[in-house]
Participant: 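Can you keep this structure in mind? I'll have questions shortly.
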Amino acid sequence: RQDTPRPDGRNVLVFAQAVDAAHSGFRFWEDGNADGQAQASELGFVVASGPQADFSVYRDPADSSLWFRPEFAGVTMRLYAATPVSDLTAIDYAPAGGYTRDLFEAVPTYGYVFAVAENGTTRYGAVRATHVGRDYLILDWSYQTDPGNPELLLRGNLPTVTVTGFDIP
């Protein structure tokens, strides 16, 4: 299999839906110009929770824990490993199976893999939670823009994250 670079982003702030619903979702890719190709300006958006988000951050009212919740109908996810991952780059391949629409608790240093099925193709994304608080979490993400390719290896020389302008409280 040939290595395929993938875009990524670091230190993205996503709020719990109960705190700031307008900034509680995340979308790996939105094809703004409808060309079927992922450009850097179309990747890694903090969005409102709901079907336009790939996933959102849910806060459990019983204990204030934060959870990743699949939102878009074609999104399934799974825990990458039962142990922490040292860095986002440690998530090198999307596992072949085990994806679900269940919620997963956001745990610092753990990795999560998403399968995004849309328009007859599946693309894979990964998230590593770097900080989890009561009101928000901070994550690193990567996304494989090549349809069907499970490689989530380190990116090539592509621009990555767009600054959101949010201050961390």
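Heavy atoms only: backbone and side chains are in, while hydrogens, waters and symmetry mates are out.
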Participant: Any side-chain heavy atom of I138 sitting closer than 4.5 Å to one from L13?
Facilitator: yes
Participant: Would you name the heavy atoms of A126 and L152 that are closest together and state the gap between them?
Facilitator: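 Taking every non-hydrogen atom into account, CB-CD1, 3.9 Å.
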Participant: Please check: side-chain N/O of E42 versus main-chain N/O of D31, any donor-acceptor pairing under 3.5 Å?
Facilitator: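 No, E42 side chain to D31 backbone: no donor-acceptor pair under 3.5 Å.
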Participant: Do V46 and F15 touch side chain to side chain, with heavy atoms closer than 4.5 Å?
Facilitator: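 V46 does not reach F15 side chain to side chain.
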Participant: Taking all heavy atoms of I91 and all of G111, pick out the closest pair and write down the distance.
Facilitator: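 The answer is CD1-CA, 3.8 Å.
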Participant: Say you draw a straight line from CD of Q17 to CH2 of W67; how long is it, rounded to the nearest 0.5 Å?
Facilitator: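 It is 15.5 Å, given to the nearest 0.5 Å.
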Participant: Between D8 (side chain only) and Y143 (backbone N and O only), is there a donor and an acceptor less than 3.5 Å apart?
Facilitator: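 Between the backbone of Y143 and the side chain of D8 there is no qualifying donor-acceptor contact (under 3.5 Å).
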Participant: To check you understand the geometry: which heavy-atom pair defines the closest contact between S65 and D63, and what is its length?
Facilitator: OG-OD1, 2.7 Å
Participant: F55 and side chain to side chain contact (heavy atoms under 4.5 Å, CB included): which partner among L103, V127, V116?
Facilitator: V127
Participant: On a heavy-atom basis, which atom in A129 and which in V107 lie closest, and how many Å separate them?
Facilitator: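 Smallest heavy-atom distance, with atoms named: CB-O, 3.6 Å.
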Participant: How about Q144 and E151: do any of their side-chain heavy atoms sit closer than 4.5 Å?
Facilitator: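 Q144 reaches E151 side chain to side chain.
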Participant: Rounded at 0.5 Å granularity, tell me how far CG in L43 sits from CZ in R27.
Facilitator: 11.0 Å
Participant: Evaluate the side-chain proximity of Q39 to N33: yes if any heavy-atom separation is below 4.5 Å, no if none is.
Facilitator: yes
Participant: Sorted by first residue and then second, give each side chain to side chain donor-acceptor pair (under 3.5 Å) pair with at least one member in residues 50-61; sequence neighbours left out.
Facilitator: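 Output for this query lists S56-R69, S56-E71, R59-D135.
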Participant: Might you point out which heavy atoms bring Y124 and A115 nearest each other, and give the distance in Å?
Facilitator: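 Reported closest heavy-atom pair: CE2-CB, 3.8 Å.
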Participant: How far apart are the closest heavy atoms of G9 and L88, and which atoms are they?
Facilitator: O-CD2, 4.3 Å
Participant: Atom CG in D87, atom CG in D140: separation rounded to 0.5 Å?
Facilitator: 7.0 Å
Participant: Between F114 and F68, how do the two ring planes meet: parallel, tilted or perpendicular, split at 30° and 60°?
Facilitator: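 Ring orientation, 0 to 90° scale: perpendicular.
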Participant: What is the distance from atom CZ of R6 to atom CG of D146, rounded to the nearest 0.5 Å?
Facilitator: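 Answer rounded to 0.5 Å: 13.5 Å.
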Participant: Just grab all the side chain to side chain donor-acceptor pair (under 3.5 Å) pairs involving residues 96-120, residues at least two apart or on different chains.
Facilitator: T100-D102
Participant: With side chains defined as the heavy atoms from C-beta onward, is the minimum distance between F28 and R123 less than 4.5 Å?
Facilitator: no
Participant: Okay, side chain of E30, backbone of G32: is any donor-acceptor separation there less than 3.5 Å?
Facilitator: no
